[in-house]
Amino acid sequence: MITTPTPPVLDIQHLHKEFRLRGTGRDRVLTAVDEVSFTIHAGQTVALVGESGSGKSTIARCITRITEPTSGDVLVEGRSIIKMPSRKLIDIYRSLQMVFQDPNSSLDPRKTARATLDEPLRLHTSLTSHQREQRIRELLAEVDLSDHLIDRLPRQLSGGQRQRLGIARAMAVDPRIILLDEPTASLDVSVRGQIIRLLERLQENKGIAYLFISHDLGVVRRISDRVLVMYLGTIVEEGPTEEVFTHPVHPYTQSLLSAAPLVEVGRRRERVRLAGEIPSPVDLPAGCRLVGRCPVATTACATTEPSLLNVTGSHRAACPVALDMQQVPST
Amino acid sequence: MNASSDVVLDVKRLSGGFEDTDHQILPVLTDVTFSIRRGVSAAIVGESGSGKSITALSVLGLTPAGFSLTAGQIRFEGEDLLTMDPARRRKLSGRGLSMVFQDARAALNPVFTVGWQIADVVRIHQDVGRREARRRAEELLDRVRVPEPARRMKQYPHEFSGGMAQRAMLAMALACQPRLLILDEPTTGLDVTIQADILDLIADLKAASGMTTCLITHDLGVVAENCDQVVVMQQGCVRESGSCAQIINTPTDPYTKQLISDSRLVETS
């Protein structure tokens, strides 16, 4: 990445989110996100991947303060938003927007496409109604929705059209970064391709950064510059996308990548298998979270929680055992 | 007509649709023709609205209200299911052919234990007592690799994860050793590692029992890695069918080509 004195568009520092579960006896603690840090620079796409329960959506919700984090800090263009009173957050939402997974529930069913796009413009700009109307038509054109759809309600649009409208709404205020939470999960593959191409084009034209949350590894490989792999609330591996996909180091990453099916006949790859299923994030034990499922775990793994260690350049993995094994052939 | 014994399922010129308020049939399936050979792992692939699920439901005789078939034949081991005596067809469902649905947790009854539900299926199809049915249910759970089957028997569906619930559904479908197992999006909504585990399990169960499987899916990656015969559907029509290698490597139909490149996220040039 180019090193410039300008702060990153998004800077996440030691983000932590716990939920208290009330019950009989003492309260139990569900750790959804555990001390996660990362940055996103202008025009960059960073992907968060991981299975359900890994905490990736909670991170997006904490960044927008839909959910209040327990501790840690979120800086948008250098400004901390965690302590910010909520009435000031509106300024932040000019730079930071979000596109949700399910356009059916994130669009107001009683608002036409025009009204949906008009709202952010009224809130964030001082455009006249005539200018806003012009901008709405521009936005529709940008996401390849034709003019005649302007008075349609969400239920009168197809799934792909609804997701385009969701993207247009996020684009309306010219944000610096958009958080995309599984934007293609509910779409057919042909529509998925169109949405990916649209996101790529918008990024090229406007230099927007994306935080792309997805479990679709094919899409992640195609769209992102960097990838962060999450497991039970922590980042277990991070690095440039191609580097992580071709040389995964952490046993969890290896297992995840080797499980994703490829559209190639007879290429059933050798799978890296983990024992059992993802455990509950309630009352996490000490040590590495993968202990008990991991094929390379040692006794030390059960007591010390591994931190992210350098593999090469900006590629890091939280597994000292796997890193040692990597070094063996080279010595 | 190919009535040779190596064809398990033969669907011929199947057409049907939903009846609208003016008693007009809105076509959903048009001239759907394909056959599945014994012992293969077949797949019906298509996007939403392609008619792949309604085709499978037609085979099982479980089509929703308002839907009716207007033409065609569905032959299972040479017998036409559509003209067959309903009692005989009911008997075939479950024993001859069985089905696993997409959302396993929704398909299980929330107010009964999982063990009770599997034992119930065993009792319906096999002449055994309660105790024997329970024993067989536990054995089935073990076969689909549910850890601690004895404890899991007594649990309710909400205590099962999505992957475990799908295993329980497989156990239920296998209770009567069907010769054809139709799986409608069995791994959609599951995480990729769980998906891979379930697909491996299905392949192992198939190898052990010699049954024929037909996977209904939208995911060409799953098809390429797990199936040997493919039917591609779009808007109620079969676009192309053939061996998996042939369809994936040398598709001739433009829609199939587009679907493959979209799935691989590469541009067609």
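What you are looking at is a predicted structure, and each value in this text was computed from that prediction instead of being measured. Sequence lines set the chain letters: A, B, ... in the order given, protein chains first and strands last, and positions in each chain run from 1.
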Show the numbers, then the answer: is there a side chain to side chain contact (heavy atoms under 4.5 Å, CB included) between D200(B) and R271(A)? CA-CA 11 Å; D200(B) 285 352; R271(A) 270 187 68 204; 2.9 Å; yes

How close do E47(B) and S190(A) get, counting heavy atoms only, and between which atoms? OE2-OG, 2.8 Å

So, do E277(A) and I194(B) sit near enough that their side-chain heavy atoms are less than 4.5 Å apart? yes

Part of R273(A) within contact of chain B (heavy atom distance under 4.5 Å): side chain

Above 12 or not: heavy atoms from other molecules or residues under 6.0 Å from CZ of R22(A)? no

If you check every heavy atom in residues 230-245 of chain B against those of chain A, which residues fall under 4.5 Å? C244(B), A245(B)

Minimum heavy-atom separation for A259(A) and T193(B), please, with both atom names. CB-CA, 3.7 Å

Mind checking the CG-CG spacing from D216(A) to L265(B)? Nearest 0.5 Å is all I need. 7.0 Å

Surrounding CZ of R201(A) (heavy atoms of other residues, nucleotides or ligands, distance under 6.0 Å), is the total greater than 12? yes

Taken to the nearest 0.5 Å, the spacing of I248(B) CD1 from L262(A) CG works out to 11.5 Å

Examine whether an atom of D228(B) lies under 4.5 Å from a heavy atom of chain A, and if so say whether it belongs to the side chain, the backbone or both; otherwise answer neither. neither

Quick one: of V263(A), I223(A), V191(A), who has the most non-hydrogen atom pairs under 4.5 Å with chain B? V263(A)

How close do V192(B) and E51(A) get, heavy atom to heavy atom, and via which atoms? N-OE2, 3.9 Å

Beyond-backbone contact of D262(B) with R192(A), side-chain heavy atoms, under 4.5 angstrom: no

